[in-house]
Amino acid sequence: MTFRHKHLLGISELHPREIQTILDLADRYAEQNRNDGPREMVLAGLTQINMFFENSTRTQASFEIAGKRLGANVMNMAMQASSIKKGETLIDTALTLNAMHPDILVVRHPHSGAVNLLAEKVNCAVLNAGDGRHEHPTQALLDALTIRREKGRLHRLTIAICGDIAHSRVARSNIHLLGKMENRVRLIGPPTLIPAGAADWGVEVYDNMAEGLKDADVVMMLRLQKERMDGAFIPSEREYYHRFGLDAAKLTYAKDDAIVMHPGPMNRGVEIDGTLADDINRSVIQEQVEMGVAVRMAAMELLARNHQTDPKGVMV
Amino acid sequence: MTTLFTNTRLIDPEAGTDTIGALLVEDGKIAKIYDDPDAYGNHMEFICNSYGKCLAPGIVDIGVKVSEPGERHKESFRSAGRAAAAGGVTTMVTRPDTLPAIDTPEVLEYVTRRANQDAPVRVLPMSALTRGRQGREMVEIGFMLDAGAVAFTDCDNVVVNNKVLSRCMTYARSLGALVIGHPQDPDLSKGGATTSGKFASLLGLPSVSPMAERMGLDRDIALVEMTGVRYHADQITSARSLPPLQRAKANGLDVTAGISIHHLTLNELDVGDYRTFFKVKPPLRSEDDRLAMVRAVADGTIDIISSMHTPQDEESKRLPFEEAASGAVALETLLPAALRLHHSGDLSLAQLFRAMSLNPSRRLGLETGRLAVGAPADLVLFDPDAPFVMDRFKLRSKSKNTPFDGHRMQGRVLGTWVGGKSVFGN
């Protein structure tokens, strides 16, 4: 087994072999989840706390189901409603929870780097469920698993990531992961939504769907993150949809067997056409959700295993 | 009381020389400078044989934040003064961004009294330019000058309203007051915690283009041209800001510029894994910008190096990067950090002390900053080569937020004198 980390904070710190390890294990869990066979309760007796400082339904449910399928005692804490409202700092919250000896902390936070900061202060394994615009590692892993299962490989593919790259942690984690696995990554979006310096990340940047989607194997759409926008980024949603929204016509620029992905939740008619999103021949959006549970089961098992067998031998 | 320094490397920023000699201090002033390194006079009360060590005019540090009034738990005049003495800073020019802001003669008198009571080094207070640093009404510039204010600045609160700023500048000009600006376009730089680019984007941090500084500087220079005020830009940190600065100087405007030691010795990559001690204002720049700034100090485009000493307690820094407070303490690390530029061969000692002692003194019309007969004996004696590992908990500042924690540094202050009186070391 190749996976020596104490926490899963981002894709940037993972070795390609570690990514393979997670995906291989997740693949087994994906099959197990589909069949009603006997389950291994590898997290039995462990306590998993989901701390979400930012609203989430999908990711939190996915982590909860993943933990419960493996036998963990899962507790959800809606942090927006709790002590931070009373003025407690992130570190104090972390120390308080740490004193209760949880085994796994799943954390989402609106600020980049906040999960790294928290991980420094606790003894248990920390999983980043998304921090600001920084990383969302389990999302990139579930995307990778979906691609691998659909395309039969995870290298030498042309993958177009389209839309609101600037506000997207999903995009950053995917760029890290797909780059490490030696794929050709393209970013497509209006220049206001492409982060500064993106061209230096080893990706190709386009502001035109026709050019960017040419010969793509995978088209990954991103949600327009209206809640993170505090100024003029795009003139209007209808112009955005006209120029950058994915519909059947724009998809013809990509390869004939190109798959369509979206991390959800979707804004239908803003970044993606509703009919296309539901087209089971092209869209793998539902499979992404399914793989999400499998990937999270695999990640939590690996972290818990590392922590139990050799708490000192794992890398921070 | 007399003191004789023998066998000493005398760093004279005025002449740009670094020669071995001897220097005699009498009655708080520099009385004599000998070319003969072993000069001995008669009746010496104190002889300092500092073979191979350097003697330079004490540092005049424009932009020190002492958190009095308001946040004495972060820094007081006593702790800041001791830190200054230990760092070879003989004059602290303090910032008015306290709570409340230093914007009335009464508050200024309080500050002066506290400084005189507790600080072992000279303290020259600056005043806010507008009331409460709100950018709406100007302070009583005349009264503040009478009360001892040496310059007027709203610090990092940029005066947005051009009409207000132009009136403040016009009024200040009639009194000969120095106005210090913080060149930033406040809309463009709003919320920016890092310099925009590939690195900040990967970290997912809100960032600001260095162009915001250039735009702020362009605006300020236009108003200086209009009003004729004496103007100093507190921190110029990006290569893009240098051409307008050079043009303004060439056009004969009374404009000078400063930079913090952090922007000369660190770059954006030092932020690394969201290390909040590296969060300063403006944010650390690219390595290209840093090198351009070092060259600009060497050629005199940038006049003044300062510490931008900004104490922050642990609670303000132990937060996610975006939420964490900006600023770093630097009174004690200013000289060792500046010596990095000497050891790297970028700047001579004379050039460093021109930017740290002579130029700030001249800009404020002070007698200090020179190794000349008759000048006040504000002196720092240091060993430029002595190595040490920085330990932030050994700092004399109440706040320990230095980005140099754990860094290997070279250069130690051995003694500091203010007006001939020893305030640190022997």
Side-chain angles (χ1 to χ4, degrees), chain A residues 9-13 53-54 84 87-95 107 109-121 128 130-136 165-173 175-176 179 187 193-203 205 225 228 230-232 316, chain B residues 185-213 238 240 267-279 282-289 312-326 401 405-406:
Chain A
L9 300 177
I11 299 294
S12 68
E13 66 220 28
F53 293 90
E54 197 179 64
I84 45 167
E88 191 174 62
T89 65
L90 178 64
I91 302 258
D92 285 334
T93 309
L95 293 177
V107 187
H109 198 281
H111 290 311
S112 305
V115 182
N116 301 49
L117 178 69
L118 192 141
E120 285 172 17
K121 309 290 175 189
N128 182 358
D131 62 324
R133 311 181 209 172
H134 177 220
E135 283 239 38
H136 191 352
I165 317 279
H167 298 100
S168 176
R169 51 196 173 215
V170 176
R172 285 171 178 77
S173 287
I175 291 164
H176 280 303
L187 307 181
L193 293 176
I194 300 284
D200 298 333
W201 290 350
V203 297
V205 178
Q225 301 207 27
R228 286 184 205 274
D230 57 354
V316 175
Chain B
D185 181 279
D187 290 321
L188 201 55
S189 62
K190 191 177 169 197
T194 48
T195 299
S196 62
K198 122 183 174 182
F199 174 68
S201 298
L202 266 186
L203 286 179
L205 290 172
S207 59
V208 51
S209 164
M211 201 55 95
E213 177 182 298
S238 153
R240 290 170 197 274
N267 68 26
E268 57 180 353
L269 299 176
D270 286 303
V271 170
D273 199 9
Y274 302 99
R275 291 188 287 174
T276 56
F277 280 12
F278 291 83
K279 184 176 179 183
L284 292 173
R285 304 302 194 190
S286 67
E287 178 66 3
D288 287 348
D289 271 340
Q312 298 290 1
D313 54 16
E314 302 284 306
E315 275 63 46
S316 317
K317 284 287 189 184
R318 285 205 316 177
L319 291 170
F321 199 86
E322 283 169 61
E323 291 177 30
S326 298
N401 55 312
D405 185 39

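Chain A is the first sequence line, chain B the second, and so forth, proteins listed ahead of strands; every chain is numbered from 1.
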> Which pair of heavy atoms, one from L205(B) and one from S112(A), lies closest together, and at what distance?
Replying inline: CD2-CB, 3.9 Å

> Between S196(B) and A196(A), what is the shortest heavy-atom contact and its length?
Replying inline: CB-CB, 4.1 Å

>> Does any backbone or side-chain atom of D200(A) lie under 4.5 Å from a heavy atom of chain B? Answer side chain, backbone, both or neither.
In response: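 Both backbone and side chain.
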
> How long is the span from the CG atom in D273(B) to the CD atom in E120(A), to the nearest 0.5 Å?
Replying inline: 7.0 Å

>> If I take atom CG from residue N116(A) and atom CZ from residue R275(B), how far apart are they, to the nearest 0.5 angstrom?
In response: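 The CG atom of N116(A) sits 12.5 Å away from the CZ atom of R275(B).
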
Flag the pair [X] / [Y] as yes when at least one side-chain heavy-atom distance between them is below 4.5 Å, and no otherwise.
X	Y	result
H176(A)	L202(B)	yes
P206(B)	R133(A)	yes
W201(A)	K198(B)	yes

> So which part of E315(B) gets closer than 4.5 Å to some heavy atom of chain A, the side chain, the backbone, both or neither?
Replying inline: neither

